Undergrad: 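Below are the structure tokens for one structure; questions will follow.
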Amino acid sequence: MRPSPISQLRLLVPIKRCIDYAVKIRVNGSQTGVDTNVKHSMNPFDEIAVEEAIRLRERLKDQVKSIKVVTIGPAKAVETLRTALAMGADSAIHVEVPETLVPEPIGVAKTLRAIIEQEGGVDMVIMGKQAIDDDAGQTGQMLAGLLSWPQATFASKIDVQADLKSIEVTREIDGGLENMKCRLPAIITTDLRLNEPRYASLPNIMKAKKKPIQKLTPADLKIDLAPRLETLKVTEPPKRQGGGRVDNVVELIEKLRVAGIVAS
Amino acid sequence: MPNNQLRLRALRLYKDLLYLSKDYPDPAYDYSGRIRKMFENNRNLTDAAEVERALKMGEYIKNETLALYSLRKYRHLKRTYYPPDN
């Protein structure tokens with residue numbers, strides 16, 4: 001008799017809709033934030049997380065039971081979910097918030113905790129280490145703290161043990177790599193060198209339109225996403241001062257001396 | 001007319017390339033126009049081997065474009081978040 005699999009992994013991949021990496025960021029006229037009326041796409045680090053979930057399934061086959069993506073964002077964030085579904089996720093959850101509300105990491109972590117408790121049986125949460133818009137890099141760690149789960153941050157390699165009870169992760173730390181082993185369920189945040197995300201092809205995007213997206217509101221999860229921090233003012237970095245031309249070497253040395261680069 | 005399988009493959013390839021053209025970083029480069037021209041130039045091919053060669057070329061262009069996009073993103077992130085090693 002063929003032994004039935006003892007357990008199967010259920011993966012949750014939180015993603016964020018960000019301003020596209022190629023767009024030049026501009027501060028809006030009233031200095032309250034940046035101009036969001038530009039091209040958006042999935043946070044590149046989250047793409048790496050989605051890709052890793054799909055690669056885990058390709059490696060472990062049936063042992064990965066489901067890959068669920070979740071996003072917290074305005075109505076347009078559905079497009080980002082579709083991209084993740086087109087890459088190969090199974091289903092999605094969309095926690096819809098108004099366009100004006102930008103959730104903070106603690107709010108996002110609490111929402112994710114509520115979703116994990118509601119879903120039940122999530123074995124691994126794989127998420128980007130940071131989003132390229134606010135660069136906070138806190139959500140994964142906060143979620144691990146709230147759930148009291150082990151965390152493997154800045155992962156550059158993930159190996160799931162044969163019994164599906166623990167994982168071995170290689171982390172990128174200052175000046176080298178760290179190998180660690182942790183029990184499941186666990187939180188993993190992805191670093192740049194974990195993998196190269198695939199491109200969601202056109203036919204797959206079409207197919208993704210049939211995959212289920214569950215809509216939730218923060219009220220359904222009994223979460224208050226109101227920001228705790230107040231943004232006083234957003235300004236652009238100072239403009240770079242242009243260089244000047246010198247006519248001869250003497251003038252150049254004089255300028256260097258004034259700048260304190262050569263001794264007088 | 002070559003067999004229907006090749007025809008479908010060509011159509012799918014053309015669609016894929018047009019879809020990729022939307023993300024091309026340089027707006028001055030007429031990606032979709034060039035793709036269209038290349039397909040038009042080969043529209044009268046009848047020999048299956050020649051069609052196959054043209055399709056291979058198109059698939060090569062597709063893969064190169066995908067590589068370009070992913071490298072561009074990788075380099076942007078590396079430049080932005082990872083200071084150069086000394």
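What you see below is based on every heavy atom in this structure, not just the backbone, and it leaves out hydrogens, waters and symmetry mates. Everything numeric here is computed off the predicted structure, so don't read it as measured data. In what follows, chains carry the letters A, B, and so on, assigned in the order in which the sequence lines appear, proteins first and then strands, with residues in each chain numbered from 1.
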Undergrad: Could you check whether B:Glu59 pairs with B:Arg9 (Lys NZ or Arg NE/NH1/NH2 to Asp/Glu carboxylate O, under 4.0 Å)?
TA: yes
Undergrad: Identify which part of B:Leu66 has an atom lying under 4.5 Å from any heavy atom of chain A, answering side chain, backbone, both or neither.
TA: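 For B:Leu66, side-chain heavy atoms alone lie under 4.5 Å from chain A.
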Undergrad: So, for A:Tyr21 and A:Phe45, is the gap between ring centers shorter than 6.0 Å?
TA: no
Undergrad: Where does A:Ile132 contact chain B at under 4.5 Å (heavy atoms): side chain, backbone, both or neither?
TA: both
Undergrad: Is a salt bridge present between A:Asp90 and A:Arg57, judged by a nitrogen-to-oxygen distance below 4.0 Å?
TA: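 A salt bridge is present here (some side-chain N lies under 4.0 Å from a carboxylate O).
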Undergrad: Between A:Ile48, A:Asp191, A:Asp20, which residue shows the highest count of heavy-atom pairs closer than 4.5 Å to chain B?
TA: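 Option with the top pair count is A:Asp191.
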Undergrad: Name the orientation class of the two ring planes belonging to A:Tyr199 and B:Tyr19 (parallel below 30°, tilted from 30 to 60°, perpendicular beyond 60°).
TA: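 Ring orientation, 0 to 90° scale: perpendicular.
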Undergrad: Non-hydrogen atoms of chain B under 4.5 Å away: do they reach the side chain of A:Asp135, the backbone, both or neither?
TA: side chain
Undergrad: Is the closest basic N to carboxylate O distance between A:Glu47 and B:Lys73 below 4.0 Å?
TA: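 Yes, this pair counts.
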Undergrad: Between B:Tyr82 and chain A, which part of the residue has a heavy atom less than 4.5 Å away: side chain, backbone, both or neither?
TA: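 When you check distances to chain A, only side chain atoms of B:Tyr82 fall under 4.5 Å.
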Undergrad: Need one label for B:Arg72: side chain, backbone, both or neither, based on atoms under 4.5 Å from any heavy atom in chain A.
TA: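 For B:Arg72, heavy atoms of backbone and side chain both lie under 4.5 Å from chain A.
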